[in-house]
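Here the structure comes first, spelled out in structure tokens, and everything after it is commentary.
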Amino acid sequence: MTEFLSQLNPQQREAVTIGDGPLLILAGAGSGKTRVIAHRIAYLIAERGVWPRNILAVTFTNKAAEEMRKRVTRLIEGLEIGSAPLIATFHGLCVRILRRDIETLNAGYTRSFTIYDQDDTVRLTRNSIRDLGMDDKQLTPRSVQSTISAAKNRGEDAESFAARAHFIDERRASIARVFQLYEERLHKNNALDFDDLLIKTVRLLRDVPEVRERYNDRFRYLLVDEYQDTNQLQFGLIRLLTEKQQNICVVGDPDQSIYRWRGADITNILKFEEHFPSAKVIRLEENYRSTQNILDLASGVIKHNIERKEKALWTQNPAGEKIRYYQALDAESESRFVAGKIQEHLRSEPELRAAVLYRTNSQSRVFEEAMRRAGLAYNIVGGFSFYERMEVRDIIAYLKLAMNPHDSIALQRVINTPPRGIGKMTLDEIDNRTRELGISHWDAISDLIADERRLSARAIAALANFQRIVNQLALKVEEILSTNPGGASPEEESESRIESASPVSDLVKAAILDTGYENALKSENSDEAEGRLENLQELVNAAVDYDEQGAEGLRDFIDHSALVADTDQYKADVPVTLMTAHSAKGLEFPLVFLVGLEDGLFPHSRSLSDASDIEEERRLAYVAMTRAERFLYVTHAVKRRVYGEELASEPSQFLNEMPLELIEDVSRGRSWLSFARGSHTLKGEAGSGRYEDDNQYSEAGNEFTIEGKSNKPGGSKYTGKTYDSVESVEEFFRRRTAQMGSPRSTPKSQGRSASPKPDPRSPSPLSFGPGSYVRHSKYGRGLVLRREGSGEQTKVTVNFPGYGAKKLIEKYAGLEKD
DNA sequence: GAACTTGCTGAATTG
DNA sequence: CAGCAAGTTC
């Protein structure tokens, strides 16, 4: 059984076989990270006699968990083992623990709590804002919810948030009030949001020693994947779970930390050895995935991060093809290029799998269309997943309601879906009642029906109808619950019961039929309704998987629908996969297209103002590039529609950070790259000197510690020219203007690119067009990159050497012509 | 009360 | 260009 060790290199083998105690595996991209975890699990079971149920492996995504499960199963196939190791996502693990033990927390939650997903929490936030008499236009539910979530992730509760908010500003104080009401209502509804899943679990383990003890005994070996992305709460969870045994093995790569915005704390991995003093550290630095060229390209980019420790990732793979670069006119032509290239590759290698990686989900649509036109089978990961479809969520809401009619969010969602004559007036009345008596919406309905005076007979009838529907469904749930006690001992089960072979899917069917949902769709008679019906059929199919678990299965099924956010299980045999760079983490493809490499898109505009945000973007680009095994294409478009408006877009700075000698230009006509090359030789700098590091860091060895944020560079870190550098931008504009003048340049569309929208209305004397120099009192001399808006709101983006690009309101910036 | 129309504002990444 | 909310009409 040790034969599987022979497939590993010495470092991997050590990581797999090393004994108990804390272990940190620093695994570069493509170094066989998942493989090592899977092997370690198998090794623990097969060679060290660890009981599988004592092993817990935690991942971030369902996809990763799935993959891990598959690999482990393959490795331990044929062994006589009674149980399987638990491989789950953080959230999945928490649900599991809470479903069992939350009541011991004595905080008023019951084991049948509901999970609110993003959609639910935003609704709840909106309700809270309104009920506090605030304006949900000034305080948009979405942004308030994300502020709340960020606070919860920092470990702040409503009270401490409020205490601090007081000193900040009015807006913050308002959010604090919403926060409080939001929490109150979650609690009243016996509901937990995603953050609560972690928070409550940590609290449970912290406050209830018996429970902590039990899980410490149960999970004697804990393995964590993508450790660089853990946040404070997850760290807390890990520490509590390993308190006793200290058998904690984490795997991660600081260069692939891309979830800071979600509270991920990179110091978790950087300080692992401080947190677990007896920790051993193993580095995996040989890359098995990519060609030398791809690796060099990715390294060339990630090198520009300052908050980083140099790492020696290497490969024995051949240099391979050059990286191909394409400059497209717009998003459509970009997608056409990609589809065309995929076809070309498939012609010579029909088995090749391709991935198209973009920064934002909204980019997917164009590619989807291009694939369809090209007749390429594709699938999309992320974006609107199956479980986010309206009709699917409606049916789930009915099921939730059947299990817990006091779930007000679910109730509000479906009380009049399909339309059954419960209108605004009636709903308002229910709301009033709810508030007056401090009861749930469900109770308010009974109350109003009994009252008779407050509503018209017609409204009362409609409410009674709704009540009947939910009750009927609840009754079915109860029936099945009593006849199919999932999880009960087998003997008990075998006697007297008319067991349904398909309890869960039957309930889903009932929720579709008995609520009038199906009829409403059928009578619509449209293609859209047709599609929805198909989706619901699909939902029933999905439920079948849970039938064998009996009644417990319904709970699991509903949990699953909340926790499976990405369209998991992208079929590996489909030739093309479209997804965000984030979703691609952990995957690999022979052929990769990294698209939309434009300033403001990738790196995303929201990150431009903050240096460490840019660094995270760069890591994201690094993740994307290192997904490629053999062929990598990088593309960008010259213009793109944003908000339905066509805007000129500049090449991403990341393009300029790529070692240009590795790149082959396959654009039609002159491109940014030919410009970049031209300027390069013009300056007569030696190719190798271009990205020279004056590195204070690369020599410092392989300590994966951050060199402190104090890295105030006297200048920028490298001496080469970046896209941002004043000279290169200047040259770029010169080139562009020259190009535009030439009669052979592409007709009409190109005229807009150099200066987006010269506004005819405000020929202000203070207008600084792109390409001109300005002087700022604080930042000094800079070059105008872009100009947008008009009149009072004219904003200019100016690049100041040493400070980076700043967006300024022209009117207030006090700029002078230089 | 429901269906339709207009008008407005606002998208990053995920479990 | 969306998705949503308020306004309008039947």
Side-chain angles (χ1 to χ4, degrees), chain A residues 58-65 88-95 115-123 126 130 135-138 140-143 146 149 153 192-198 226 229-231 233-234 257-264 331 357-366 381-385 387-388 390 416-428 456 458-459 462 520 524 559-568 579-585 596 600-608 613 616-617 619-621 623-624 640-647:
Chain A
V58 195
T59 63
F60 275 86
T61 66
N62 295 297
K63 217 159 37 196
T89 62
F90 273 103
H91 291 87
L93 170 71
C94 291
V95 171
I115 303 167
Y116 279 2
D117 64 16
Q118 173 134 339
D119 191 88
D120 298 326
T121 55
V122 170
R123 276 163 190 272
R126 182 178 295 123
R130 287 190 185 160
D135 183 1
D136 64 0
K137 272 182 189 121
Q138 285 200 302
T140 64
R142 225 185 114 85
S143 78
S146 76
S149 172
N153 266 306
L192 301 177
D193 63 18
F194 281 143
D195 305 317
D196 283 333
L197 293 177
L198 283 157
E226 307 283 10
D229 286 328
T230 50
N231 64 23
L233 286 167
Q234 286 151 342
S257 159
I258 54 176
Y259 286 106
R260 204 175 72 113
W261 54 275
R262 228 174 81 190
L357 309 182
Y358 35 78
R359 178 64 240 265
T360 66
N361 275 310
S362 60
Q363 290 166 260
S364 69
R365 208 167 62 189
V366 189
V381 177
F384 273 93
S385 89
Y387 290 100
E388 283 170 282
M390 178 174 66
N416 199 34
T417 330
R420 50 174 70 93
I422 300 173
K424 193 172 176 321
M425 301 254 285
T426 314
L427 292 177
D428 284 348
S456 68
R458 199 166 60 151
E524 233 183 83
D559 284 352
H560 173 84
S561 77
L563 295 177
V564 177
D566 47 22
T567 328
D568 279 307
M579 63 186 145
T580 61
H582 281 90
S583 310
K585 195 167 69 157
L601 185 59
F602 200 168
H604 196 270
S605 53
R606 300 263 261 249
S607 72
L608 289 175
D613 283 349
E616 176 144 318
E617 293 285 307
R619 290 193 293 270
L620 182 59
V623 168
R640 182 176 292 277
R641 278 148 80 143
V642 186
Y643 279 139
E645 198 185 4
E646 218 152 64
L647 288 178

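It should be emphasised that the depicted structure is a prediction, and the values quoted were computed from it without experimental measurement. Every chain is numbered from 1, with letters handed out A, B, ... down the list of sequences.
Computed from coordinates, the A/Ile258 CD1 to B/dG15 C1' distance equals 14 Å when rounded to whole Å. As rounded to whole Å, 11 Å separates atom C1' of B/dT14 from atom CG of A/Asn153. Remark: C1' of B/dA3 and NZ of A/Lys424 are 17 Å apart, rounded to the nearest angstrom. Between the P atom of B/dG15 and the CD atom of A/Glu388 lies a distance of 10 Å, rounded to the nearest Å. In this structure, the CZ atom of A/Arg142 is 17 Å from the P atom of C/dA2, given to the nearest Å. Between A/Asp229 atom CG and B/dT13 atom P the separation is 16 Å, expressed in whole Å.
Note on ring orientation: taking the six-membered ring where Trp is involved, the planes of A/Tyr259 and A/Phe60 are parallel (angle under 30°, cut-offs 30° and 60°).
Proximity note for A/Arg130 (side chain, C-beta onward) versus B/dA2, C/dA5, B/dG15: the nearest is C/dA5. Each of B/dG1, C/dC1, B/dG15 was ranked by its minimum atom distance to the side chain of A/Arg641; first place goes to C/dC1. For A/Ser583, the side-chain atoms get nearest to B/dT14 when compared with the rest of B/dA12, B/dA2, B/dT14. When each of B/dA2, B/dA11, C/dA2 is scored by its nearest atom to the side-chain atoms of A/Arg365, the top-ranked nucleotide is C/dA2. The side chain of A/Gln118 approaches B/dT14 more closely than any other nucleotide in the set C/dA6, B/dT14, B/dG1.
In this structure, OG on A/Ser607 lies 10.0 Å from CZ on A/Arg260, to the nearest 0.5 angstrom.
Considering only side-chain N and O atoms, A/Arg262 lies nowhere under 4.0 angstrom from the phosphate OP1 or OP2 of B/dA12. Using a 4.0 Å cut-off, no side-chain N or O of A/Arg359 falls inside it from OP1 or OP2 of B/dA12. OP1 or OP2 of B/dT14 has at least one side-chain nitrogen or oxygen of A/Asn361 nearer than 4.0 Å. OP1 and OP2 of B/dA2 both lie 4.0 Å or more from every side-chain N or O belonging to A/Arg420. In terms of phosphate contacts, A/Ser362 brings no side-chain nitrogen or oxygen within less than 4.0 Å of OP1 or OP2 of C/dA2.
Between the P atoms of B/dT13 and C/dC4, the separation comes to 16 Å (whole Å).
Take the nearest nucleotide of DNA chain B for A/Thr89 and for A/Gly421: the residue whose nucleotide is more 5' is A/Gly421. Mapping A/Thr426 and A/Thr140 onto DNA chain B by nearest heavy atom places A/Thr426 closer to the 5' end of the strand.
B/dA12 has A/His604 stacked on its base ring, the centres lying under 5.5 angstrom apart and the planes within 30 degrees of parallel. Under the stacking definition used here (centres under 5.5 Å, planes under 30°), the residue A/Tyr643 fails to qualify as stacked on the base of C/dC1.
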